[in-house]
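Report on the following structure.
Treat the numbers as computed from the prediction; the structure is a model and nothing was measured. Just so we're on the same page: letters track the sequence lines, and every chain starts at 1.
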2 protein chains.
Amino acid sequence: MEIEFLKWLRARLPSCPNLPLGPGDDAAVLELTRGSRCVVTSDMLNEGVDFVSGQCDWRLIGRKALAVNLSDLAAMAARPLAAIVSLALPREDALAAAQQLYEGLIPLAEEFDVAIAGGDTNTWDKGLAISVTAIGEVTGSGPLLRSGARAGDAILVTGEFGGSILGRHFRFTPRVREAMLLHANYQVNAAIDVSDGLSLDLSHITEESGCGAMVQTEAIPIADDAFRLAKEAGPGKTALEHALSDGEDFELILAVPSEDSQRLLADQPLDTPITRIGTFIEEPGLWAASAEGGRQILRPRGYEH
Amino acid sequence: MEIEFLKWLRARLPSCPNLPLGPGDDAAVLELTRGSRCVVTSDMLNEGVDFVSGQCDWRLIGRKALAVNLSDLAAMAARPLAAIVSLALPREDALAAAQQLYEGLIPLAEEFDVAIAGGDTNTWDKGLAISVTAIGEVTGSGPLLRSGARAGDAILVTGEFGGSILGRHFRFTPRVREAMLLHANYQVNAAIDVSDGLSLDLSHITEESGCGAMVQTEAIPIADDAFRLAKEAGPGKTALEHALSDGEDFELILAVPSEDSQRLLADQPLDTPITRIGTFIEEPGLWAASAEGGRQILRPRGYEH
């Protein structure tokens with residue numbers, strides 16, 4: 001089916017000035033527009049792990065496979081340039097599956113000017129796997145790393161957290177534009193996107209930066225979905241616990257020096273709200289500040305790989 | 001297993017000056033050394049299609065997954081820079097499998113100064129899939145394309161053809177150094193690596209270049225493995241037919257203008273022989289020149305996708 005599929009695909013791929021040679025030769029040629037440093041990331045979604053066949057539209061899977069990679073580029077404040085898409089397709093209905101995956105993926109690629117620079121499309125007797133590698137280029141003063149947070153920096157987050165499993169994990173828009181705008185206009189010392197869980201991803205910043213974090217848990221923006229989930233699931237987790245641990249919010253956690261954070265919070269330069277949820281501190285570990293001025297350990301929770 | 005595995009892996013990854021930030025953050029940062037144009041390719045190997053579990057050493061699979069991508073870069077005369085490796089691993093013995101795959105892959109990466117710029121490592125209830133995306137950079141006057149052959153160009157090939165299934169398809173060394181050396185010192189108008197089959201890949205050049213090819217079949221360098229296969233398989237294909245159609249030789253087919261081809265054949269600048277097997281002609285199609293000065297149609301055969 002590969003030749004038939006490639007014909008179908010090539011008629012639908014957006015043309016991209018950054019891709020002087022697209023799929024069809026032994027490799028594609030990609031032009032960086034802002035120098036010679038590129039940023040590379042890869043994520044694979046697997047049937048039975050990341051989604052259940054028959055329970056969701058494969059267009060959503062295709063879109064998500066690209067979106068999670070763009071979210072990783074956003075966490076570096078990189079500008080997306082190209083994606084390479086590898087598909088392992090169950091033999092039955094392979095062509096229809098490939099088309100649906102791309103029908104979900106292509107509109108997102110167009111929205112972010114991402115060239116589809118090739119990939120591989122195989123069929124087999126096993127389950128569906130879609131692996132996307134995304135290439136971006138560094139913007140501004142360089143990539144935002146997890147390791148740059150300093151004691152005293154404000155902990156800022158975009159958007160809301162918790163309950164993304166109710167649908168937001170498919171529909172989210174990666175914070176690419178937001179990250180580039182913030183990186184261009186404010187001092188941002190570190191960043192990560194929340195895939196594993198707000199508290200767990202925050203701990204990735206503190207560990208890489210050699211610091212800790214004091215969190216005002218009452219300041220955490222909790223999504224309506226987290227309240228719904230807390231209610232529907234009965235006496236399980238609270239909405240706040242969902243917000244701290246559910247993951248797949250694909251929002252940004254940012255470390256911003258105090259003065260810039262005040263300016264940023266006053267400006268609110270994004271369409272989505274930015275909220276301060278605490279402060280990076282010298283002492284290692286995550287802490288929840290209590291109302292009485294005390295504190296307690298905040299255990300990082302989320303999706304452990 | 002991912003954290004345990006990543007710890008194991010990071011201790012083994014060679015350091016690369018081209019990779020100022022390796023795996024561990026949201027993305028890796030890659031530095032191009034010769035400008036701003038990179039070359040990107042991707043190939044996935046799947047259990048039950050490209051190999052049979054239990055019948056071969058997974059180190060060979062890991063090595064091959066990288067090698068086929070380096071062969072694609074060689075076909076563009078690109079210098080390899082980095083590889084991104086995505087694994088879907090059967091849950092049982094996943095850690096051992098991942099380690100074996102990398103034990104095969106890493107020595108080849110070291111040999112060609114390829115940075116492992118990250119990837120994804122997942123486990124599931126299905127089969128083994130390994131997807132590698134390779135990034136290289138353009139050398140010399142630009143990438144060698146399939147579309148550049150002109151009538152009158154000599155058809156040159158590296159190495160020998162046929163019977164790679166007997167083991168060479170695992171052990172081959174991608175013609176990266178050879179391609180760069182030829183591109184730097186001779187006029188090469190077009191190139192492809194032989195993955196599908198000598199005659200089929202030759203037809204990819206003629207189709208993309210809008211020309212044909214007259215092949216002196218008696219000049220084709222036939223591998224000993226092709227003779228072995230022809231003999232062992234009984235009255236099936238001849239050794240020549242194996243050479244023309246087996247594929248996975250991962251040798252280069254080159255279109256070289258007449259004068260440069262004479263100089264090149266006299267120089268024999270590579271460790272492996274370069275052989276002229278025919279001439280690109282204006283008339284479309286592949287033709288086999290017969291001893292009496294006539295010709296007959298040469299049907300392109302090989303692995304049809």
Quick one: what part of A/Ala191 sits under 4.5 Å from any heavy atom of chain B, side chain, backbone, both or neither?
backbone

Relative to chain B, which segment of A/Ile135 carries a heavy atom at a distance below 4.5 Å: side chain, backbone, both, or neither?
side chain

Heavy-atom pair count under 4.5 Å with chain A, highest-scoring of B/Cys38, B/Gly127, B/Gly35, B/Ala82
B/Cys38

Using non-hydrogen atoms only, which part of A/Glu137 is less than 4.5 Å away from chain B: side chain, backbone, both, or neither?
neither

Select one option (side chain, backbone, both, neither) describing which atoms of A/Asn69 are under 4.5 Å from chain B's heavy atoms.
neither

Among A/Val40, A/Ile84, A/Val29, single out the residue with the greatest number of heavy-atom pairs under 4.5 Å to chain B.
A/Val40

Could you tell me which of B/Leu128, B/Leu144, B/Val138 has the largest number of non-hydrogen atom pairs under 4.5 Å with chain A?
B/Leu128

Taking every non-hydrogen pair under 4.5 Å, which of A/Val49, A/Leu73, A/Asp125, A/Leu45 racks up the most with chain B?
A/Val49

Output side-chain donor-acceptor pairs under 3.5 Å for residues 17-25 of chain B, partner residues at least two apart or in another chain, one line each.
{"residue": "B/Asp25", "atom": "OD2", "partner": "A/Arg146", "partner atom": "N", "Å": "2.9"}

Sort out for me which of A/Gly118, A/Ser86, A/Ala78 touches chain B most, counting heavy-atom pairs under 4.5 Å.
A/Ser86

Could you list the residues that satisfy salt bridge (Lys or Arg N to Asp or Glu O under 4.0 Å) with B/Glu248, not counting sequence neighbours?
B/Lys64

In terms of heavy-atom pairs under 4.5 Å with chain A, the winner among B/Gly48, B/Ala88, B/Ala74 is B/Ala88

Give the minimum heavy-atom separation between A/Ser36 and B/Glu31, together with the two atoms involved.
OG-OE2, 3.4 Å

Test item: A/Thr158 side-chain N/O and A/Leu252 main-chain N/O as donor-acceptor pair under 3.5 Å
yes

Heavy-atom closest contact (A/Asp50 atom, A/Met44 atom, distance):
OD2-O, 3.8 Å

Does the side chain of A/Val256 come within less than 4.5 Å of A/Val188's, by heavy atoms?
yes

Consider side-chain contact (heavy atoms from CB on, under 4.5 Å). Of A/Leu95, A/Asn122, A/Ile130, A/Thr121, which one does A/Leu89 pass it with?
A/Thr121

